[in-house]
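Convention: sequence-line order gives letters A, B, ...; per-chain numbering from 1.
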Amino acid sequence: MEEKKFKRTLVTAALPYANGPVHIGHLAGVYVPADIYTRYLRLKGEDVLFVGGSDEHGVPITIKAKKEGVTPQDIVDRYHHIIKESMKGLGISFDVYSRTTSEMHKRTASDFFKKLYEKGEFIEKTGQQLYDEQARQFLADRYVTGTCPHCGFDHAYGDQCESCGTSLNATDLIGPKSAITGNVPVLKETKHWYMPLDKWEPALRKWILEEHKEWRPNVYGQCKSWLDDHLQPRAVTRDLDWGIPVPIDGVEGKVLYVWFDAPIGYISNTKELLPDGWEKYWKEKDSRIVHFIGKDNIVFHCLIFPAMLMADGSYQLPENVPSNEFLNLEGDKISTSRNWAIWANEYLEDFPGKQDVLRYVLTANAPETKDNDFTWKDFQQRNNSELVAIYGNFINRALVLTNKYFDGVIPEAHDLTDYDKQTLEEFKGVKGILEDNIEHFHFREAQKDAMNLARIGNKYLADTEPWKLAKTDMARVETIMNIALQICANLSIAFEPFLPFSSEKLRGMLNMEKIEWEKLGHIDILKAGNKVEKPVLLFEKIEDDVIDAQLLRLERIKQENIINNFTPRAIATPSTIDDFGKLDIRVGTVLECSKVKKADKLLQFKVDDGLGGRTIVSGIAKFYEPEDLVGKQVCFIANFPPRNFKGIESQGMILSAEDADGRLIVIGPTGPVKPGVQVK
RNA sequence: GGCGGGAUAGCUCAGUUGGUUAGAGCGUCGGAUUCAUAACCCGGAGGUCUCGAGUUCAAUUCUCGAUCCCGCUACCA
């Protein structure tokens, strides 16, 4: 495919949600790759902007605030600050890092909505929603809890059940309760605006499926999957008070839905940086927009936000949306709520001066094509056997030798031998390969290419053996050391996008003032006669005890999680023996048990109830082999109305205990009883 | 169950528009060396390219099916 020429590039990185600090998953997935890409373009002298900011609206923030007894603003102030500092600490070189509670953003998002509203791009729909009469407000999403209609979990939220993972509407919940007052809400009519995504489906289809076949397979495939399933209108407003007020006259108590508000943050942040110059980055045809995101955000950045931009009509669509998969930690999913993460701010405290080590490991191990695993042992090994042994060691050798033989003065290069030329030829080739990899978002490979320069350097010294020649042929040693130092200078350029702190440190030792990407591959970067400094170690070995301490910390968190998981839930509202008596609970013997076809979780039972038997369907297929249950006695509720599952009529409900890890264990009598007896 | 992504050396990954002995780094084993952070350099071992079938003169690569992992989705009284 022919390369397009762009005059400027706008790089965005997914807006971190301001309800917690950032962790290595965010860094590996989004911020480090985006930073590498941006630094590379800057180094090439291209016109590039790198924008980001905290995403500070949405219900989880208000809930968290409520829990802590502070305002939502307090929460976002706290985390915005921590996140911003972490980014800075790790050298994520945003040109602007703002937030969606900024005045600029409020105005921008509001205007964006207004324009689409006035163009008639929204559909109005009136529907019933849960309303808390005491708090006098509608209960969106997580403001309402109740029993999940699917799995029976009794602390499901209005938008999702965290037990079974199903997406819900608040009105689906059984026995809904307001999270604000605990009252039972009532249904009340409310009006909302919807974005008709279906209208943009043909345009999106053409744009992605025909014009962007080069996108990563995961991104392209995911988009295709959504488009083939057809897009539905999506609400752009919510009944909440935390967010950007819907800018329509006479509308009160409604805000823009966070998914609509957040991506506009990219625009408002650009505006904040360049109040007069922002538009050309977003609107001119020779601008390239690149969104760095995680795979959970593909639908928003590839379908929904572009649809919004199309509806506006004046914006460019992204040129690429490099999306990474997920990073695991020591074999388990990273989880904010379970504290299973390495937090950026904590890393910076525990490993001062080692920002580049984390950057290096996260890039070397980036989940570019599939989920990947971060382990502390790998972290240590990559530091010790790659950064220290290959890169740091080469720099140290070159500088030690220069100081030893030439008192730190860079010697002249004389006639080059064939071997010298061969070495130089090899390292000149690195530039093109490296560029190609970065431009195609293959940062893992690109970083290897940079490391290859250090390998070439080590081999050069090993093969030419200047420490031996120093006794016989000092002129030759001068040439060798000149070349070795030029390779050092090249390394500081090649690694600048990846390891900016070390590159700077290295430039300090070489007394290099500035660097340009185009100099990569040249051997005249350092002038003979200039001095280099005495070497300090570019990287230091990480000993076992440091790694053991981190592993211990994770082990402790695991233990704590197990303990926390066992905290029994609060006792439910008072009940009576009469309520219990309404349930007809009986014991039955399992006669047959099999998996339900086309369902992952369902088992179909034939249970001897002493009355000729009955069929019961239960969602425990993940925890039992069907044959293991045959002959077992189980408790079931016998007087529920029948219900259909995948075409099978279930005549009752088998009772299970839910263990701390979510496993379901079927309940039965401790000794054999006659099928059909009652449980009292 | 549907859809999407993945499965290549002990580990992390490249790669193949189908074509002689499938690559790299780390690890491992052996050798050499001492300028260097017990580092570097050289060499060896290590792969039925997840499995099965098909197309083909030829399949790790294309097609179909199966298995396993991740995600979305459905079911989950």
Side-chain angles (χ1 to χ4, degrees), chain A residues 148-153 161 163-167 216-226 228-229 294-296 298-299 323 325-326 328 333 361 364-373 375 377-378 381-382 384-390 392-405 437 442 444-445 447-448 451-452 454-455 457-468 470 477 480-481 484 535 537-541 595-603 616-622 636-637 640-648 650-656 664:
Chain A
C148 173
H150 297 285
C151 69
F153 178 66
C161 171
S163 178
C164 65
T166 311
S167 295
R216 284 189 183 168
N218 59 344
V219 179
Y220 187 90
Q222 189 79 264
C223 290
K224 186 171 185 317
S225 169
W226 255 298
D228 288 348
D229 280 350
K295 68 174 161 184
D296 50 338
I298 291 174
V299 66
S323 160
E325 303 279 310
F326 289 152
N328 293 326
K333 247 173 242 201
V361 173
N365 221 358
E368 284 176 7
T369 50
K370 62 175 180 191
D371 287 1
N372 225 327
D373 197 26
T375 66
K377 203 167 174 327
D378 179 68
Q381 207 159 62
R382 286 194 186 273
N384 292 355
S385 61
E386 295 178 29
L387 287 176
V388 173
I390 311 284
N393 184 41
F394 170 65
I395 301 297
N396 196 43
R397 300 171 83 178
L399 289 174
V400 165
L401 289 170
T402 305
N403 275 289
K404 185 168 174 183
Y405 298 134
N437 276 325
H442 298 153
R444 207 166 40 190
E445 283 298 309
Q447 186 173 249
K448 272 192 189 176
M451 189 54 94
N452 196 33
R455 292 180 201 283
N458 274 318
K459 183 168 161 51
Y460 181 71
L461 286 183
D463 289 347
T464 53
E465 300 181 306
W467 49 90
K468 280 189 184 163
V477 175
I480 292 168
M481 291 320 300
L537 297 181
L538 202 52
F539 300 98
E540 285 171 48
K541 276 195 85 159
K595 288 206 64 162
V596 174
K597 286 202 177 111
K598 300 196 176 190
D600 285 349
K601 300 187 182 174
L602 298 181
L603 287 184
I616 300 180
V617 176
S618 184
I620 54 174
K622 287 256 157 90
F636 64 95
I637 296 176
F640 274 1
R643 186 169 160 165
N644 259 329
F645 293 99
K646 293 279 177 193
I648 301 160
S650 178
Q651 300 156 322
M653 167 176 165
I654 289 177
L655 299 181
S656 297
L664 293 172

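The pairing partner recorded for B/rC75 is none, the criterion being a Watson-Crick or G-U wobble arrangement whose two distances lie under 3.5 angstrom. Nucleotide B/rA24: paired with B/rU12 (Watson-Crick or G-U wobble, both distances less than 3.5 Å). Pairing partner, B/rG19: B/rC57, with both Watson-Crick or wobble hydrogen-bond distances short of 3.5 Å. Pair assignment for B/rA39 gives none, since no Watson-Crick or G-U wobble pairing has each distance under 3.5 Å. Using Watson-Crick or G-U wobble geometry with both donor-acceptor distances under 3.5 Å, B/rC68 finds its partner in B/rG6.
Remark: the separation of the P atoms in B/rA24 and B/rA36 is 30 Å, to the nearest Å. Between the C1' atoms of B/rC29 and B/rA66, the separation comes to 39 Å (whole Å). One C1' atom belongs to B/rA59, the other to B/rU20, and the distance between them is 15 Å to the nearest Å. Nucleotides B/rC49 and B/rA9 have their P atoms positioned 10 Å apart, rounded to a whole Å. Across B/rC70 and B/rG25, the matching P atoms stand 31 Å from one another, rounded to whole Å. Between B/rG23 and B/rG5, the two C1' atoms lie 24 Å apart (nearest whole Å). Comparing B/rU60 with B/rU50, their P atoms are spaced 10 Å from each other, to the whole Å. Using C1' as the reference atom, B/rA58 and B/rC68 are 30 Å apart when rounded to the nearest Å.
Considering only side-chain atoms of A/K541, the nucleotide from B/rA39, B/rG71, B/rU12 that sits closest is B/rA39. In the set B/rC75, B/rC40, B/rU37, B/rU37 carries the atom at the smallest distance from any side-chain atom of A/L538. Side-chain proximity of A/S225 to B/rG4, B/rC76, B/rC41: nearest is B/rG4. Here the side chain of A/E445 is nearest to one of B/rG71, B/rA14, B/rC76, namely B/rA14. Here the side chain of A/A389 is nearest to one of B/rC72, B/rC75, B/rC40, namely B/rC40. For A/N218, taking side-chain heavy atoms from C-beta onward, the closest of the listed nucleotides B/rG5, B/rU37, B/rA74 is B/rG5.
Taking atom CG on A/N328 and atom P on B/rC70, their separation rounds to 9 Å, with Å as the unit. Atom pair A/K459:NZ and B/rA24:P shows a separation of 14 Å (rounding to whole Å applied). The interatomic distance linking A/F326 (CZ) with B/rG4 (C1') rounds to 14 Å, in whole Å. Atom CG in A/N437 sits roughly 17 Å away from atom P in B/rA24 (whole-Å rounding). One atom, CD of A/E325, and another, C1' of B/rC69, lie 12 Å apart when rounded to the nearest Å. The distance from atom CG of A/L602 to atom C1' of B/rG1 is 11 Å, rounded to the nearest whole Å. Put simply, CD on A/Q222 is 10 Å from C1' on B/rU73, counting in whole angstrom units. A/K295 has its NZ atom 14 Å from the C1' atom of B/rC3, to the nearest Å.
Rounding to the nearest 0.5 Å gives a distance of 11.5 Å between CG of A/L664 and CD1 of A/I654. Rounding to the nearest 0.5 Å places CD1 of A/I616 at 10.0 Å from CD1 of A/I637. A distance of 11.5 Å separates CG of A/N328 from OG1 of A/T375, quoted to the nearest 0.5 Å. Atom-to-atom distance recorded for A/N384:CG and A/K541:NZ is 5.0 Å, nearest 0.5 angstrom. The CZ atom of A/R382 lies 12.0 Å from the CD1 atom of A/I390; values are rounded to the nearest 0.5 Å.
Under the 3.5 Å distance criterion, the side-chain polar atoms of A/N396 are left unmatched by any main-chain donor or acceptor of A/G392.
Between the side chains of A/N458 and A/R397, at least one donor-acceptor pair of N or O atoms lies under 3.5 Å.
Proximity of A/K377 to the phosphate of B/rC11: no side-chain N or O atom is located under 4.0 Å from OP1 or OP2.
As judged by a 4.0 angstrom heavy-atom cut-off over every strand, A/K448 is placed among the base-contacting residues. Using a 4.0 Å heavy-atom criterion, one finds that A/S650 contacts the sugar-phosphate atoms exclusively. Here A/V299 lies out of heavy-atom contact (under 4.0 Å) with every strand.
Across every non-hydrogen atom of A/H442 and A/E368, the tightest pair is CA-OE1, 3.8 Å. Heavy atoms only, all atoms of each residue included: A/D373 and A/N365 are closest at O-ND2, 3.0 Å. Shown here for A/S323 and A/R216, the closest heavy-atom pair between the two residues is O-NH1, 3.0 Å.
The side-chain tip of A/K333 does not point at the ring of A/F326 from less than 6.0 angstrom away and within 45° of straight on.
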Distances under 3.5 Å between protein N/O atoms and the N/O atoms of nucleotides 6-10 of chain B, please, pair by pair.
none

Look for any protein N or O under 3.5 Å of an N or O in nucleotides 26-36 of chain B and output each such pair with its distance, or none.
unit_1	atom_1	unit_2	atom_2	d
B/rC26	OP1	A/R455	NH1	3.4
B/rC26	O3'	A/S385	OG	3.3
B/rC26	O2'	A/Q381	OE1	3.4
B/rC35	O2	A/R397	NE	3.1
B/rC35	N3	A/R397	NE	3.1
B/rC35	N3	A/R397	NH2	2.5
B/rC35	N4	A/R397	NH2	2.9
B/rA36	O3'	A/N396	ND2	3.1
B/rA36	O2'	A/N393	OD1	2.7
B/rA36	O2'	A/N396	ND2	3.2
B/rA36	N3	A/N393	ND2	3.4
B/rA36	N3	A/R397	NE	3.1

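Electrostatic pairing of A/E325 and A/K370 does not count as a salt bridge here, judged by no charged N lying under 4.0 Å from a carboxylate O.
Sequence order on RNA chain B of the closest nucleotides to A/F539 and A/I620 puts A/F539 first from the 5' end.
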